[in-house]
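The structure appears right after this line, and notes come after that.
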Amino acid sequence: MTGEDVGKLYRQAGVRLFARNIRGYLGDTKINREMQRTIKKDPQNFWYLNNGVTIVCNEARFEQEGGRELLNLAYPQVINGQQTTRTLANANPRDSAKARVSVRVISIPRHSAEQYERLVSQIVRATNWQNVIKPSDLMSNDPRQIELEREFRKLNYLYVRKRQVQAEARRVSFQYQMMITKEALANAFAACLEESLPKRVGLQPLFEDHYDRIFGGRRYSAKHYLCCYWHYKKVESLAWGISDRRQAKFVVTYFLWQQFGSDIRASEDEFLAFCEAPQWYPRLTEEYHRLLRLTFDSVLRYYRKERGTGRQTVEVTPFFKRTDVYKGYEAFWPSAVNATLRTRFDKSADRFRDLLKNPA
């Protein structure tokens with residue numbers, strides 16, 4: 001096809017054309033800038049330098065119209081080549097008309113939704129790509145992700161399950177009170193699920209080896225995910241700009257979730273209302289922040305006690321990468337050296353639990 005005609009596909013159908021694509025538009029990436037330069041400066045060589053576009057559809061028929069041969073597609077979806085299509089749509093038509101694009105059309109009869117989804121996923125994985133595909137991208141169209149998007153929408157949250165430029169998501173985000181990406185949700189939930197899991201394995205493995213633990217089945221409701229998200233977000237806000245706290249935040253997150261997770265889930269509506277509008281709950285905000293600060297103080301006190309001295313001193317970053325840190329902190333928490341701080345913590349914890357049940 002000519003580049004101009006490929007661009008018209010997007011201008012006519014809009015983002016619906018990419019509903020089965022695993023990503024959104026990535027915007028001003030290096031690859032997309034190279035495509036823009038080639039379209040403008042060297043369009044005759046675009047075909048050689050571009051991987052082309054892959055379209056799946058339910059049916060494809062050759063038709064004659066006005067002496068021309070046309071390929072009529074039923075329910076077409078661009079599953080690879082969104083960046084190419086969008087870049088050509090944004091280019092000057094005089095330039096894009098000079099470019100040629102390799103377009104592959106695959107007709108897949110939809111006898112079985114499960115087989116269709118599996119085959120489309122396999123085609124995406126096997127198709128050559130120029131912008132790197134991450135494990136999180138490959139799970140964008142997982143049924144659980146689609147289900148969560150719908151559940152979050154009912155709670156007035158925009159759940160962004162496809163990687164894309166922020167501007168794309170913000171076009172619709174004004175309709176919702178908040179926008180959450182699936183990566184941010186997975187990171188926060190994993191931090192509450194297992195001590196320092198995101199820090200130990202990294203973000204992308206959460207969508208590979210640990211995906212079923214985090215998103216598998218319907219074990220967790222949308223509100224459960226949101227409680228974990230807001231809890232991690234509150235911890236992270238107190239660690240912002242303080243290097244020692246940034247390294248300790250996963251220990252703090254998990255410890256406090258072990259202490260109050262069941263209380264928060266029992267009063268999830270009250271907890272979410274407080275997190276979404278803390279200005280209306282000054283007493284609850286004060287107690288929650290006090291618990292966070294006391295826990296950070298205790299965890300960093302443990303670090304100073306165990307880091308060693310002189311040449312044997314272990315810096316804060318490698319210290320909190322150790323696999324035995326939380327186990328050591330669990331032993332430190334009830335110790336005599338931590339007694340005064342723990343007494344203050346226990347008093348604050350009682351007030352927090354009471355206010356969580358009746359935050360007004």
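Bear in mind the structure is a predicted one, so any value in this text is a computation, not a measurement.
Scored by the side chain to side chain contact (heavy atoms under 4.5 Å, CB included) test, Phe189 finds Leu193, Ile214, Tyr220, His224, Tyr225, Cys228 as partners (sequence neighbours excluded).
The aromatic rings of Tyr157 and Trp230 sit perpendicular, their planes meeting at an angle over 60°, well past the 30° parallel limit.
Going from atom CZ of Phe274 over to atom CD of Glu287 covers 10.5 Å, rounded to the nearest 0.5 Å.
For the pair Lys98 and Phe46, the cation-pi criterion (under 6.0 Å, within 45° of the ring axis) is not fulfilled.
Inspection of the Asn80 and Arg104 side chains reveals no N or O donor paired with an N or O acceptor under 3.5 Å. In the model, Ser348 has no side-chain atom that pairs as donor or acceptor with a side-chain atom of Tyr288 under 3.5 Å. No hydrogens or angles considered: nothing links the side chains of Ser140 and Gln145 as a donor-acceptor pair under 3.5 Å.
When atom types are taken as modelled, the side chain of Asn32 and the backbone of Thr87 share no donor-acceptor pair closer than 3.5 angstrom.
The minimum heavy-atom distance between Glu315 and Tyr303, with the atom names listed, is C-OH, 3.5 Å.
Looking only at side-chain heavy atoms (C-beta outward), Glu4 and Arg94 stay at 4.5 Å or farther from each other.
Taking Ile, Leu, Val, Met, Phe, Trp and Tyr as members and joining any whose side-chain heavy atoms lie under 4.5 Å apart, directly or through other members, Trp240 forms no hydrophobic cluster with any other residue.
Under the 4.5 Å side-chain heavy-atom criterion for grouping Ile, Leu, Val, Met, Phe, Trp and Tyr, Phe255 is not connected to Phe250 through any hydrophobic cluster.
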